[in-house]
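Residue numbers begin at 1 in each chain, while the letters A, B, ... track the order of the sequences.
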There are 2 protein chains.
Amino acid sequence: MTIPRAAKTQRRTRIQEEKEEQILEAALDVFSVSGFRGSTIDQIAEVAGMSKPNLLYYFRTKEAMHRALIDRVLFTWLEPLRAFDADGNPESEIRSYIRRKLEMARDFPRESRLFANEMLQGAPHVEDELKGPLKQLVDEKAEVIRSWTKAGKIAKCDPYHLIFSIWSTTQHYADFDVQVRAVLGQEHAGAGRFEDAARFLEQLFIDGLKVKPVPSAS
Amino acid sequence: MTIPRAAKTQRRTRIQEEKEEQILEAALDVFSVSGFRGSTIDQIAEVAGMSKPNLLYYFRTKEAMHRALIDRVLFTWLEPLRAFDADGNPESEIRSYIRRKLEMARDFPRESRLFANEMLQGAPHVEDELKGPLKQLVDEKAEVIRSWTKAGKIAKCDPYHLIFSIWSTTQHYADFDVQVRAVLGQEHAGAGRFEDAARFLEQLFIDGLKVKPVPSAS
DNA sequence: TGTAATGTTTACCAATCGGTCAAATTATCG
DNA sequence: CGATAATTTGACCGATTGGTAAACATTACA
């Protein structure tokens, strides 16, 4: 037998793991910038440093590569939300969630852009994951937040939109990095930018969610 | 003379205006979903309901079409920020800025996605506009906000990151519309979604920016 | 109306696209 | 070692890409 396609093998060899890793790494580079339609196998092959047919030996189609990449990244991407603890102190939980999301935007901007690209295109490849596992996780955490508002631990607010606003503000620093850099210019460049953003967002969300004193008569 | 290209004409005819409008409308449809690289002239031609060479009669290249589209959209897109009034009441200015941005995300989601796509790709076609006119406008408005914080009218905060967070939270509802829909599901669907988002964001930013009472001794 | 400028389309081009194939090369293991 | 399976690649395929040439159709206007 000449072609026992890598995907069909029972045990994955050392070479398979290495090469698949190498390919997905390159694919992340390319897909995260140009999206699915705008990326070509040749680009990925060049970045990966291997021939195009070699890529297609490990992933049968461009779509299979994209699929595998999204699946792998989606799990780790939701890690911070999963860590959200119902029993913790609301203020510190929200604070550390923002921190973690912001760190991910800083340390894994390509992953953030990969998803952003997918969303912009209407999520043709991941709509099921959104409506399934993602929605389920968010529903669960939204319930936690709602219990906090009902207990008077934080201000009354829509938990879903709270989550959306944390997602958007933090991921903005990865997805719109060019714009952020252009607007801030050289004067605010460097490592300080991350700390500035963290400080601002923590202040905004913590103060914005503090329980308001009931206005007394007069 | 056989080919006095439309672009070279001094006076624009009625047909030129109509067709260019028609083309840019279709281009917005396509570019906003697939980005520059992922979009094809054929797609745009089909949406516009005209032949490919006919498009290229009005815009010499795909890049020229994209360029013209961005230029036209960029101006109106910054309108809400331009309306930001230094002499107004801080709270109501911020509130109405959020409102306006959110309305734009609702009414012009394609324009929002067009920019998002461009940013994700590293803004290869608009970096100059970002570093020039955009930065200048933001610098100006940031100074207004800074004067408000110094006067004690709103809480001390970084004005740039405040603007970023308003941009990201509002545009999120256009750019990540699929995700928002998937997570909220049917129960929160419909027109109410917009009002929910507006209520949440106004609360978050207004309360988050209220001046904090100086903690007195003990 | 005539005619010159403007607008539109069919046919086409070279380059690139996703993907295949068979031959060549390398790793694995008895 | 030998042989079998796993890996890699150059050559290639039909379809699609951005764009052109030139013939054809329509409009504007004297």
Side-chain angles (χ1 to χ4, degrees), chain A residues 1-27 29-31 33-69 121 124-125, chain B residues 1-27 29-31 33-69 121 124-125:
Chain A
M1 208 63 69
T2 52
I3 311 170
R5 210 91 189 209
K8 289 196 170 181
T9 316
Q10 311 293 358
R11 301 206 164 277
R12 308 179 66 225
T13 69
R14 175 184 50 87
I15 291 184
Q16 275 176 38
E17 292 200 20
E18 284 179 9
K19 292 295 165 122
E20 287 180 9
E21 172 63 37
Q22 195 177 334
I23 291 169
L24 290 181
E25 166 67 22
D29 254 22
V30 176
F31 281 135
V33 169
S34 303
F36 182 74
R37 286 221 47 186
S39 303
T40 71
I41 303 183
D42 295 85
Q43 285 180 324
I44 300 172
E46 198 190 330
V47 173
M50 38 205 298
S51 67
K52 176 165 67 173
N54 205 2
L55 293 212
L56 293 164
Y57 173 73
Y58 291 100
F59 298 94
R60 268 200 277 272
T61 64
K62 178 178 157 186
E63 201 156 336
M65 266 176 44
H66 190 255
R67 219 303 151 347
L69 185 58
Q121 284 160 37
H125 305 97
Chain B
M1 208 66 67
T2 52
I3 312 168
R5 213 92 189 208
K8 289 197 171 181
T9 315
Q10 311 294 358
R11 299 206 165 278
R12 308 179 65 225
T13 68
R14 174 184 51 87
I15 292 183
Q16 274 177 38
E17 291 199 21
E18 283 178 10
K19 293 294 166 123
E20 287 180 9
E21 172 63 38
Q22 196 176 332
I23 291 170
L24 290 181
E25 166 68 22
D29 254 22
V30 176
F31 280 135
V33 169
S34 303
F36 181 75
R37 287 220 48 186
S39 303
T40 71
I41 303 183
D42 296 83
Q43 286 180 324
I44 301 171
E46 198 190 331
V47 173
M50 38 205 299
S51 67
K52 176 166 66 172
N54 206 1
L55 293 213
L56 292 163
Y57 173 73
Y58 291 101
F59 298 94
R60 267 200 277 273
T61 64
K62 179 177 158 186
E63 201 156 336
M65 267 176 44
H66 190 255
R67 215 315 152 339
L69 185 58
Q121 284 160 38
H125 305 97

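In this structure, of C:dG7, D:dT8, C:dC17, it is C:dG7 that holds the atom nearest to the side chain of B:Tyr57. Which of D:dT9, D:dG19, C:dG19 sits closest to the side chain of A:Ser51 comes down to D:dT9. Here C:dC17 is the nucleotide among C:dC17, D:dT9, D:dT20 with the atom lying nearest to any side-chain atom of B:Arg37. For A:Thr61, taking side-chain heavy atoms from C-beta onward, the closest of the listed nucleotides D:dG19, C:dG19, D:dG18 is C:dG19. Closest approach to the A:Pro53 side chain among D:dT8, C:dT9, D:dG10 is made by D:dG10 (side chain taken as heavy atoms from C-beta onward). With D:dT20, C:dG19, D:dG18 as the choices, the nucleotide that has an atom nearest any side-chain atom of B:Lys62 turns out to be D:dG18. Taking the side chain of B:Lys19 as heavy atoms from C-beta on, and the options C:dT8, D:dT9, D:dG19, the nearest nucleotide is C:dT8.
Per the geometry, CD1 belonging to A:Ile23 stands 15 Å off C1' belonging to C:dG18, to the nearest Å. The nearest whole Å value for the distance from the CD atom in A:Gln16 to the P atom in C:dT26 is 19 Å. Taking atom CG on B:Asp42 and atom C1' on D:dT17, their separation rounds to 7 Å, with Å as the unit. In this structure, B:Glu46 places its CD atom 17 Å from C1' of C:dT9, rounding to the nearest Å. The nearest whole Å value for the distance from the CD1 atom in A:Ile15 to the P atom in D:dA5 is 17 Å. Atom pair B:Leu56:CG and D:dG19:P shows a separation of 7 Å (rounding to whole Å applied). Between the P atom of C:dC12 and the NZ atom of B:Lys52 lies a distance of 14 Å, rounded to the nearest Å. As rounded to whole Å, 16 Å separates atom C1' of D:dA11 from atom CG of A:Asn54.
At distances below 3.5 Å, not a single donor-acceptor pair connects side-chain atoms of B:Arg37 with backbone N or O atoms of A:Ser39.
For the pair B:Phe36/B:Lys62, a side-chain contact is recorded, criterion being any heavy-atom separation below 4.5 Å from C-beta on. When side chains are defined from C-beta on, B:Met50 counts as touching B:Ile23, because their heavy atoms get closer than 4.5 Å.
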Check step by step if side chain to side chain contact (heavy atoms under 4.5 Å, CB included) holds for A:Glu20 and A:Phe59.
CA-CA 8 Å; A:Glu20 287 180 9; A:Phe59 298 94; 4.2 Å; yes
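In this structure, B:Tyr58 reaches the C:dT8 phosphate: one of its side-chain N or O atoms is under 4.0 Å from OP1 or OP2.
Using the six-membered ring where Trp is involved, A:His66 and A:Phe31 have ring planes that are perpendicular, over 60° apart on the 30 and 60° scheme.
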